[in-house]
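When a ligand or atom number is given, it counts from 1 through the structure's own listing order.
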Amino acid sequence: MTSRAAQQQEEARQLTARLETEGVRNIALTWVDNAGVARVKTVPAQRLADTAARGVGMSPVFDVFTSDDTITESDDLGGPDGDLRLFPDLDRVTVLAAQPGWAWAPADRYDQLGRPHPACQRQFARRMTERATAAGLEVRMGFETEWVVTRAPESHHPGTTDTFAPLDYPCAGPAYGMTRVVELSDYLRDVTEALTVQGVDVLQLHPEYAPGQFELTTAPADPVRAADDVVLVRETVRAVSARHGLRASFAPAVVAGQVGNGCHLHLGLYRDGRSLHRTPDAAHGLAPDADAFLAGILATLPALLAIGCPSPASYLRLQPSRWAGIYQCWGVENREAALRLITGAPDDPDGGHAEVKTFDAAANPYLAVGAVIAAGLHGIDSRAGLPEPQSGDPGILGVRERARRGIVRLPATLTEATDRLEKSAPLHEALGKVLHGAVLAVRRAEEAQFAESTDEEIAAATRWRW
Ligand code: GLU
Ligand code: MG
């Protein structure tokens with residue numbers, strides 16, 4: 001055993017003793033695949049020390065799973081051969097409040113000789129964070145989680161004809177209305193309480209626009225932590241929902257033709273502990289590196305969509321005038337721009353930041369944070385600069401006026417976004433050949449699976465997949 005493995009084993013032994021006093025019997029080790037699905041292996045609590053030293057086995061074929069569990073293949077991955085080891089991040093072992101007897105930890109994937117798996121998305125996110133650190137930048141991120149809560153036990157079983165039943169919402173009342181909070185007050189309190197005891201710093205919770213829809217935001221954090229947090233938030237909301245006889249859908253398009261669930265990514269940039277969004281005398285307070293970083297994200301957005309909006313269902317959500325950010329432009333506090341600059345209260349140290357509005361919860365959050373950092377760093381390297389900000393809703397402008405302002409629509413199909421990702425040199429370089437190839441293979445397989453489907457069929461097939 002290497003000295004690192006021995007050290008991990010010892011740390012895990014001490015942790016196990018604590019977990020046992022808290023009644024933990026099982027530990028869920030999750031990682032998120034390229035289709036955005038959180039996959040899991042679980043181990044009994046008393047095996048944690050062994051798992052920390054040697055990992056637990058899992059096939060590399062999951063890198064080419066689609067969201068409906070069909071297996072495709074890439075140049076490097078696919079087929080029944082091979083094994084990987086999942087290693088829990090001991091710093092993130094969390095006792096789950098809504099699943100008594102259970103704890104959770106996000107996992108990193110290595111090969112049997114202990115070498116990082118080239119398609120490990122969580123290590124990709126860490127590598128990109130380290131790149132930013134090497135450039136003297138600190139990036140703090142946080143995801144917004146939106147979900148629709150329903151009473152309906154309706155489920156989709158692949159291979160059967162799933163007839164769409166109208167969803168049965170446990171709360172009525174207007175968008176953003178207090179009625180929904182009153183009707184679901186026990187449920188919403190339990191969601192917040194579970195997250196709080198699990199160490200997730202909840203910023204706010206509110207009813208959203210669509211029927212039965214809510215949104216919860218968490219405090220900015222290191223990018224890998226932000227991605228871990230959104231996985232934990234989602235699984236916690238799911239677990240609390242089940243305890244209340246409810247069901248949560250995080251799908252981009254719960255019902256075709258209606259406002260969907262986004263999973264917007266907020267990011268703030270800092271150097272030497274100081275915000276780069278609060279520079280005196282700079283336009284919008286943006287220091288030159290922050291301007292270039294955001295310009296890099298804006299320029300790369302068409303390719304980033306294949307990461308942040310990875311399902312055919314994502315493109316049902318991406319409609320004009322729904323605050324989903326479908327135009328490749330930025331704006332100050334503009335909720336229809338794909339990239340929204342947020343000014344915040346002047347005395348809030350994290351108040352000044354930006355938001356990528358286009359992304360949804362079908363995205364693998366580790367790929368999302370890593371790819372956005374890669375795009376931002378590319379912006380700095382290539383000395384990119386933000387164009388003029390846009391105000392108002394580009395969706396209500398005529399085609400000519402949009403063209404005059406230089407506003408173009410982001411890819412409107414998964415095929416178009418995947419073509420852009422395929423050709424994106426900075427994202428290819430950042431992801432590396434194996435991960436880039438696996439992501440493309442999964443996207444192409446999902447395009448083909450749904451090529452003949454109606455919008456309603458896509459929504460029904462993907463409603464409960466994330
Ligand atoms: N539900 C909207 C979306 O699809 C977002 C609403 C908001 O701005 O939070 O992204
Ligand atoms: Mg929202």
Checklist entry - Is the CZ atom of Arg420 crowded by more than 12 outside heavy atoms at less than 6.0 Å? => result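 It does not: Arg420 CZ has 12 such atoms or fewer within range.
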
To the nearest 0.1 Å, how far is [atom] from its closest protein heavy atom, and which atom is that?
{"atom": "atom 1 (N) of ligand 1", "value": "Glu146 OE1, 2.7 Å"}
{"atom": "atom 4 (O) of ligand 1", "value": "Arg317 NE, 2.7 Å"}
{"atom": "atom 8 (O) of ligand 1", "value": "Lys357 NZ, 3.0 Å"}

Item to check | Option from Arg92, Arg140, Arg234 for which salt bridge (charged side-chain N to carboxylate O under 4.0 Å, His left out) with Asp229 holds | outcome: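 With Asp229 as partner, Arg92, Arg140, Arg234 yield a single salt bridge (charged side-chain N to carboxylate O under 4.0 Å, His left out), made by Arg92.
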
Checklist entry - Side chains of Phe143 and His264: does their closest heavy-atom pair fall under 4.5 Å? => result no

Item to check | Non-hydrogen side-chain atoms of Pro310 and Asn364 separated by less than 4.5 Å | outcome: no

Item to check | Output field: ring centroids His117/Trp31 closer than 6.0 Å | outcome: no

Checklist entry - Short list, please: which atoms of ligand 1 are under 4.0 Å from a heavy atom of His264? => result 3 (C), 5 (C), 7 (C), 8 (O), 9 (O), 10 (O)

Next on the checklist: I need the atoms of ligand 1 closer than 4.0 Å to a non-hydrogen atom of Glu144, numbered in the order shown.
Outcome noted: 9 (O)

Next on the checklist: Taking distance alone, with N or O pairs closer than 3.5 Å, would you say Arg322 contacts ligand 1?
Outcome noted: no

Next on the checklist: Test your reading of the structure: does Gly260 have an N or O sitting under 3.5 Å from an N or O of ligand 1?
Outcome noted: yes

Could you check whether [X] pairs with [Y] (Lys NZ or Arg NE/NH1/NH2 to Asp/Glu carboxylate O, under 4.0 Å)?
{"X": "Asp63", "Y": "Arg39", "result": "no"}
{"X": "Asp228", "Y": "Arg225", "result": "no"}
{"X": "Arg443", "Y": "Asp419", "result": "no"}

Item to check | Partners passing side chain to side chain donor-acceptor pair (under 3.5 Å) against His244 (at least two apart in sequence or in another chain) | outcome: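 Per chain and number, His244 pairs via side chain to side chain donor-acceptor pair (under 3.5 Å) with Asp190.
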
Checklist entry - Side chain, backbone, both or neither: which part of Val259 has a heavy atom under 4.0 Å from ligand 1? => result side chain

Checklist entry - Does even one non-hydrogen atom of Glu215 get within less than 4.0 Å of ligand 1? => result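 Distance cut 4.0 Å: Glu215 passes for ligand 1.
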
Next on the checklist: Check the orientation of His284 and Trp330. Use parallel for under 30°, tilted for 30 to 60°, and perpendicular for over 60°.
Outcome noted: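 Perpendicular: the ring planes of His284 and Trp330 meet at over 60°.
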
Checklist outcome for this item: Near the Mg ion (ligand 2), protein N/O/S count under 2.8 Å comes to 3

